[in-house]
Amino acid sequence: MKNIVLIGFMGTGKSTVGRLLARRLGRPFVDSDKKIEMWHGMTIKEMFAQHGEAYFRQCEQEAIARLARYRHAVIATGGGVVLLEENMFRLRQHGVIIALTAELDMILARTSRKDVRPLLNKGEREKTVRELLNGRIERYQQADCVVDTTKLSPPQVVEKIMDFLQQGGYLRGRYNSAPRRP
Ligand code: S3P
């Protein structure tokens with residue numbers, strides 16, 4: 001079965017939704033940033049501070065090349081994974097791509113913890129988010145399915161994704177789109 005790959009800007013809920021979705025489907029959950037941190041023995045924040053963004057992108061590219069070979073997994077990616085076409089090409093080979101989006105205000109609210117996201121620590125945050133979003137939005141829109149998470153709770157986002165997967169025949173009829181009763 002194909003991997004289910006979550007892409008989207010920082011703060012759109014990829015990790016939370018990915019974990020829930022994986023649990024719902026009984027599949028392993030993988031977070032590419034967490035794998036990068038584990039494989040390199042440092043946090044993303046430390047990586048940016050010590051080696052810069054270009055080095056992080058190189059590590060991200062290598063991580064994606066490894067993760068794209070997985071099967072049956074739910075994979076949450078970092079927001080900048082779309083910057084490199086090769087990443088998306090690899091992820092598409094064995095994966096269905098789901099983009100999570102959110103309105104600017106929601107993204108700003110959800111990314112307000114300053115210490116975690118190095119790209120948002122500099123300058124005026126709103127301006128930075130706007131510029132990064134503008135440069136990426138078209139790439140997120142190229143996903144197989146796009147879910148606006150602004151007004152939805154994580155379980156509601158999972159339901160939307162489940163509907164899409166079921167309608168697209170990705171689940172081979174094994175799952176109900178409504179949560180199962182105990
Ligand atoms: C980044 C997003 C981050 C992380 C890194 C760069 C980006 O992941 O990969 O800080 O370029 O948008 P999240 O989207 O999980 O915050």
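Along the sequence shown, the residues carry numbers beginning at 1. Counting convention: from 1, in listed order, for ligands and their atoms alike.
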Backbone of [Y] reached by a side-chain donor or acceptor of [X] within 3.5 Å:
X	Y	result
His94	Arg69	no
Thr150	Glu103	yes
Asn3	Tyr70	yes

Only heavy atoms of Gly78, strictly under 4.0 Å: list the atoms of ligand 1 that pass. 8 (O), 9 (O), 14 (O)
Atoms of ligand 1 under 4.0 Å from any heavy atom of Pro118, numbered from 1 in the order shown, are 10 (O)
Closest non-hydrogen atom pair, Phe56 against Ile36: CE1-CD1, 4.0 Å
Considering only protein heavy atoms, which is closest to [atom], and at what distance to one decimal place?
atom	answer
atom 11 (O) of ligand 1	Arg57 NH2, 2.6 Å
atom 15 (O) of ligand 1	Asp33 OD2, 3.6 Å
atom 12 (O) of ligand 1	Arg136 NH1, 2.7 Å

Below 3.5 angstrom, do we get any N/O pair linking Gly79 and ligand 1?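 Min N/O separation from ligand 1 is below 3.5 Å for Gly79.
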Indicate yes or no: does an N/O atom of Lys14 lie under 3.5 Å from an N/O atom of ligand 1?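 Indeed, backbone or side chain, Lys14 has an N or O that close.
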Structural part of [X] in contact with ligand 1, heavy atom criterion under 4.0 angstrom:
X	answer
Leu119	side chain
Glu37	neither
Arg117	side chain

Going through the distances and angles, do Arg125 and Ser112 end up as a side-chain hydrogen bond (donor to acceptor under 3.5 Å, both in side chains)? CA-CA 9 Å; Arg125 220 161 57 82; Ser112 58; 5.3 Å; no
Between Glu62 and Lys35, is the closest basic N to carboxylate O distance under 4.0 Å?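 No salt bridge links Lys35 with Glu62.
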Would you check, one step at a time, whether the test salt bridge (Lys or Arg N to Asp or Glu O under 4.0 Å) holds for Arg92 with Glu85? CA-CA 11 Å; Arg92 277 181 197 284; Glu85 190 47 46; 5.5 Å; no
